[in-house]
Amino acid sequence: MYIFAFCLYIYTYMTKRFRHKIIKEVLQANEINSQDMLLKILTEKGFELTQATLSRDIKELKVVKAPTSKGTYIYQLPEAKVTTSEESPLSSFGFVGIEFSGQLAIIKTRPGYAMAIAGEIDNKASKYILGTVAGDDTILIIPKENVSREEVIASLSTFIPNIE
């Protein structure tokens with residue numbers, strides 16, 4: 001009985017890892033704008049999974065829905081380079097402003113850009129930023145202990161060129 005349970009665990013783990021690999025490949029090669037579209041592609045590739053499983057996979061892979069220069073939204077991996085039609089970073093296109101309250105900072109973005117920009121911040125400014133919380137057009141930035149406002153701005157300015 002234990003051997004069966006162990007084998008089932010290994011099979012499930014390996015299947016999940018392989019499915020995550022394929023999801024990444026699909027997102028990198030296609031403009032996926034809905035979970036239904038992604039589920040259909042995965043089903044065509046031979047995967048048997050539910051919407052709930054796909055939703056968990058998306059969360060585990062930290063996939064975000066990012067706006068495009070066409071005004072639509074597509075699923076993007078957090079490390080993906082999302083660009084506008086001018087090939088500038090999404091953060092410089094979607095960024096509106098930043099304000100501080102004590103140690104915390106709030107970034108205002110164009111509607112729909114907050115999650116993608118928060119993903120950029122989490123990936124590129126982790127030396128100074130502990131984490132972010134994003135809504136539709138607002139990002140809460142939580143700096144690490146004893147990090148100054150100037151250090152936060154300097155770390156963000158490396159990929160948000162118009163931040164002051």
Side-chain angles (χ1 to χ4, degrees), residues 19-42 45 49 51-164:
R19 189 176 63 244
H20 281 194
K21 178 182 179 289
I22 298 302
I23 290 171
K24 288 178 182 180
E25 289 174 4
V26 168
L27 292 177
Q28 290 169 342
N30 303 282
E31 289 193 358
I32 305 296
N33 57 20
S34 70
Q35 283 190 22
D36 287 336
M37 182 185 235
L38 182 55
L39 184 61
K40 182 180 179 196
I41 291 171
L42 293 171
K45 290 186 176 288
L49 69 154
Q51 188 77 37
T53 299
L54 179 58
S55 195
R56 279 190 298 276
D57 288 343
I58 287 171
K59 184 176 182 178
E60 290 170 6
L61 292 169
K62 299 182 180 174
V63 172
V64 296
K65 206 161 190 186
T68 67
S69 59
K70 301 173 199 164
T72 60
Y73 291 83
I74 59 172
Y75 283 103
Q76 293 280 328
L77 295 167
E79 66 271 7
K81 180 184 175 197
V82 181
T83 57
T84 66
S85 58
E86 296 85 31
E87 291 301 314
S88 61
L90 179 67
S91 55
S92 66
F93 183 73
F95 174 79
V96 173
I98 186 169
E99 289 188 39
F100 285 85
S101 177
Q103 188 181 8
L104 303 176
I106 295 290
I107 287 184
K108 287 297 204 176
T109 71
R110 297 172 102 186
Y113 283 78
M115 287 188 72
I117 294 173
E120 277 188 285
I121 292 168
D122 289 337
N123 287 318
K124 297 178 181 176
S126 60
K127 181 176 178 183
Y128 297 104
I129 307 296
L130 185 61
T132 59
V133 179
D136 183 57
D137 63 356
T138 305
I139 303 167
L140 169 63
I141 296 179
I142 304 163
K144 290 185 177 179
E145 202 66 38
N146 299 319
V147 171
S148 70
R149 292 178 180 188
E150 292 76 22
E151 289 171 314
V152 169
I153 296 289
S155 68
L156 297 176
S157 68
T158 61
F159 56 94
I160 305 176
N162 52 345
I163 195 167
E164 298 174 5

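Note that these values count all heavy atoms, side chains included, but never hydrogens, waters or copies made by symmetry.
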Hey, does the side chain of [X] reach the backbone of [Y] with a donor-acceptor pair shorter than 3.5 angstrom?
X	Y	value
S55	A52	no
K65	S34	no
S148	E151	yes
S155	V152	yes

[atom1] of [X] to [atom2] of [Y]: how many Å apart, nearest 0.5 Å?
X	Y	atom1	atom2	answer
I163	T158	CD1	OG1	9.5 Å
L38	I22	CG	CD1	11.5 Å
K21	K24	NZ	NZ	10.0 Å
L130	E145	CG	CD	9.0 Å
D122	I117	CG	CD1	12.0 Å
I107	F100	CD1	CZ	8.0 Å

Open item on the list: Just to verify, what does R149 make a side-chain hydrogen bond (donor to acceptor under 3.5 Å, both in side chains) with, not counting sequence neighbours?
Closed with: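 None.
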Tell me, do [X] and [Y] make a side-chain contact under 4.5 Å, heavy atoms counted?
X	Y	answer
T53	R19	yes
Y128	L156	no
I106	I141	no
I23	L54	yes
M37	N30	no
V63	Q76	no

Please report the closest heavy-atom contact between [X] and [Y], naming both atoms and the distance.
X	Y	value
Y75	L27	CB-CD2, 3.7 Å
H20	D57	NE2-OD1, 2.9 Å
I58	Q35	CD1-CG, 3.5 Å
V96	T109	CG2-C, 3.5 Å

Open item on the list: Test of understanding: with side-chain contact (heavy atoms from CB on, under 4.5 Å), list the residues that count as partners of A134, not counting sequence neighbours.
Closed with: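 Testing A134 for side-chain contact (heavy atoms from CB on, under 4.5 Å), a comparison that skips the adjacent residues, returns A114, M115, A118, I139.
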- [ ] Using a cut-off of 6.0 Å, state whether more than 12 heavy atoms not belonging to K144 lie near its atom NZ.
- [x]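 Check passes, neighbour count above 12.
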